[in-house]
Amino acid sequence: MEQTYIMIKPDGVARGLVGEIIKRFEQRGYQLAALELMNPTKQLLEEHYQDLKGKGFFAGLIEYMASGPVVGMVWVGKDVVKVGRKMLGETNPLASAAGTIRGDFCIEVGRNICHGSDSVESAQREIAMWFPRGVKVASRNTSLHALIYEN
């Protein structure tokens, strides 16, 4: 089973959307393996967003992301990276379909509620970065697993 890193940004936390976002992933059938409310340092955020370092909005992004707590989560399940990104919606919320998290709850790119890993490799890197003590996936409830997965 795949793992992905999903982070609820300061706007999502402040607006009280943590429960709704968790609910959507659980209802889809994914297993929550780790969750932590944290106040990230600028250093951690700069490492996380290192691929955007040359962009004009980088400093503002880091400042915003450090402005309040975030909720970091690790989700487990079949194709969870790809499906998790679809559940979040487009980076630009105005291009997101209704029924996606961004399509339902936000308008501005700079306040788009969530981050989701964009590949299995990124997920592994981000999980190690945000959960340096590691993530142990609990054993599955086999009867529930059988209701979600064919094998």
key: Contacts of H115 that satisfy ring-ring contact (aromatic ring centres under 6.0 Å, His included) - sequence neighbours left out   =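 With sequence neighbours excluded, H115 shows a ring-ring contact (aromatic ring centres under 6.0 Å, His included) to H48, given in chain and number order.
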
ask   = Which residues pass the ring-ring contact (aromatic ring centres under 6.0 Å, His included) test with Y30, sequence neighbours left out?
value =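 So Y30 forms no ring-ring contact (aromatic ring centres under 6.0 Å, His included) with any residue.
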
task = Tell me, please, which residues at least two apart from E47 pass salt bridge (Lys or Arg N to Asp or Glu O under 4.0 Å).
result =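 Partners of E47 by the salt bridge (Lys or Arg N to Asp or Glu O under 4.0 Å) criterion come out as none, since no residue qualifies.
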
Do [X] and [Y] sit in the same hydrophobic cluster, where Ile, Leu, Val, Met, Phe, Trp and Tyr count as joined when their side-chain heavy atoms come under 4.5 Å apart?
| X | Y | result |
| --- | --- | --- |
| L88 | V109 | no |
| I62 | W130 | yes |
| L37 | V74 | no |
| L32 | Y149 | yes |
| V76 | V120 | no |

Taking all atoms of both residues into account, what is the closest heavy-atom pair of [X] and [Y], and its distance?
| X | Y | value |
| --- | --- | --- |
| S117 | T4 | CB-OG1, 3.4 Å |
| L45 | A66 | CD1-N, 3.5 Å |
| F57 | L52 | CE1-CD1, 4.1 Å |
| W75 | E26 | CH2-CG, 3.8 Å |
| L35 | I22 | CD1-CD1, 3.6 Å |
| A123 | Q3 | CB-O, 3.4 Å |

Let me check something: any side-chain donor-acceptor pairs from residues 6-19 under 3.5 Å, sequence neighbours excluded? List them with distances.
from : atom 1 : to   : atom 2 : distance (Å)
K9   : NZ     : N112 : OD1    : 2.6
D11  : OD1    : Y64  : OH     : 3.2
D11  : OD2    : I113 : N      : 3.0
R15  : NH1    : F105 : O      : 2.6
R15  : NH2    : F105 : O      : 2.9

message = Measuring from atom OH of Y5 to atom CE of M73, what distance do you get when rounded to the nearest 0.5 angstrom?
response =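 Output value for this atom pair is 8.5 Å.
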
message = Can you tell me how far apart CG (L44) and CE (M65) are? Round to the nearest 0.5 Å.
response =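 So the CG of L44 and the CE of M65 are separated by 9.5 Å.
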
key: Qualifying salt bridge (charged side-chain N to carboxylate O under 4.0 Å, His left out) pairs, either residue in residues 102-124, two or more places apart   =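 For residues 102-124: R24-D104.
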
task = Evaluate whether atom CD1 of I107 has more than 12 neighbouring non-hydrogen atoms of other residues, nucleotides or ligands under 6.0 angstrom away.
result =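 No, the 6.0 Å shell around CD1 holds no more than 12 heavy atoms from other groups.
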
More than 12 heavy atoms from other groups under 6.0 Å of CD on Q43 =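 No, CD of Q43 has 12 or fewer neighbouring heavy atoms, counting only those of other groups under 6.0 Å.
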
request  = Decide yes or no for F131 and E126: does some side-chain heavy atom of the first lie under 4.5 Å from some side-chain heavy atom of the second?
outcome  =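 No, too far: nothing below the 4.5 Å cut-off.
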
inquiry  = Given 3.5 Å as the limit, does a donor-acceptor pair link the side chain of E2 with the main chain of G77, or not?
reply    =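 Answer holds: no.
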
Which donor-acceptor pairs under 3.5 Å do side chains of residues 94-101 form with protein atoms, sequence neighbours excluded?
from : atom 1 : to   : atom 2 : distance (Å)
S96  : OG     : E90  : N      : 2.8
S96  : OG     : E90  : O      : 3.1
T100 : OG1    : A97  : O      : 2.7
T100 : OG1    : G103 : N      : 2.9

